[in-house]
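A quick note: this is a predicted structure, and the numbers were derived from the prediction, not measured.
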Amino acid sequence: NNASEDILVMADKAIHSLNSETNMNSWGAGHNLVNLASSYKNLGYLDKAWEICKKAILNSEDNKFAQIHARAIICMAEVK
């Protein structure tokens, strides 16, 4: 499906931008990780979604963001 492939390309670009130097703060990065994990899950890339959820949890623990931590745990539960 071309739409799924287009979304996958966009998600991959977004992940790459989070891994490079950006002006995004850690709160925004944490939310973006959870949203991207959900996108990969919806596309059927469960292993990739799981890895990104783990990154979101690490981000939330490093920055003490309880809301992101909770969203990442919910995301992990939905993936597995």
Side-chain angles (χ1 to χ4, degrees):
N1 180 331
N2 280 345
S4 294
E5 291 171 9
D6 290 346
I7 294 167
L8 181 60
V9 168
M10 287 185 272
D12 287 341
K13 285 181 182 180
I15 285 293
H16 178 71
S17 73
L18 288 175
N19 292 333
S20 63
E21 290 293 317
T22 64
N23 291 325
M24 186 180 310
N25 62 29
S26 54
W27 175 260
H31 278 288
N32 283 345
L33 286 169
V34 173
N35 291 333
L36 285 166
S38 180
S39 296
Y40 280 108
K41 174 191 66 101
N42 291 338
L43 290 168
Y45 294 90
L46 301 182
D47 290 337
K48 181 95 170 171
W50 182 260
E51 291 302 316
I52 296 170
C53 287
K54 290 193 320 190
K55 285 183 183 181
I57 286 177
L58 292 175
N59 170 281
S60 70
E61 290 172 348
D62 288 348
N63 296 293
K64 311 232 184 309
F65 294 144
Q67 181 182 13
I68 294 170
H69 193 260
R71 288 187 63 213
I73 291 171
I74 290 167
C75 182
M76 290 180 102
E78 291 173 347
V79 169
K80 290 294 176 184

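The side-chain hydrogen bond (donor to acceptor under 3.5 Å, both in side chains) check on N42 picks up nothing, with sequence neighbours excluded. By the side chain to side chain contact (heavy atoms under 4.5 Å, CB included) test, I73 pairs with I57, H69, sequence neighbours left out. With sequence neighbours left out, K41 forms a salt bridge (Lys or Arg N to Asp or Glu O under 4.0 Å) with E78. Scored by the salt bridge (Lys or Arg N to Asp or Glu O under 4.0 Å) test, E51 finds K54 as partners (sequence neighbours excluded). Looking at residues two or more places apart in sequence or on another chain, you find no side chain to side chain contact (heavy atoms under 4.5 Å, CB included) involving K64.
Going from atom CG of N32 over to atom CG of N59 covers 10.0 Å, rounded to the nearest 0.5 Å. Atom SG of C53 and atom CZ of R71 lie 10.0 Å apart (nearest 0.5 Å). The structure places CH2 of W50 at 5.5 Å from NZ of K80, a figure rounded to the nearest 0.5 Å.
Applying the 6.0 Å contact sphere to CG of D47 captures no more than 12 heavy atoms from other residues, nucleotides or ligands.
In the hydrophobic clustering (ILVMFWY side chains linked at under 4.5 Å, chained through shared members), L58 stands by itself.
The shortest heavy-atom contact between A56 and I68 is O-CG2, 4.0 Å.
Side-chain heavy atoms closer than 4.5 Å link hydrophobic residues (I, L, V, M, F, W, Y) into clusters, and following such links, even through other members, never connects L43 to V79.
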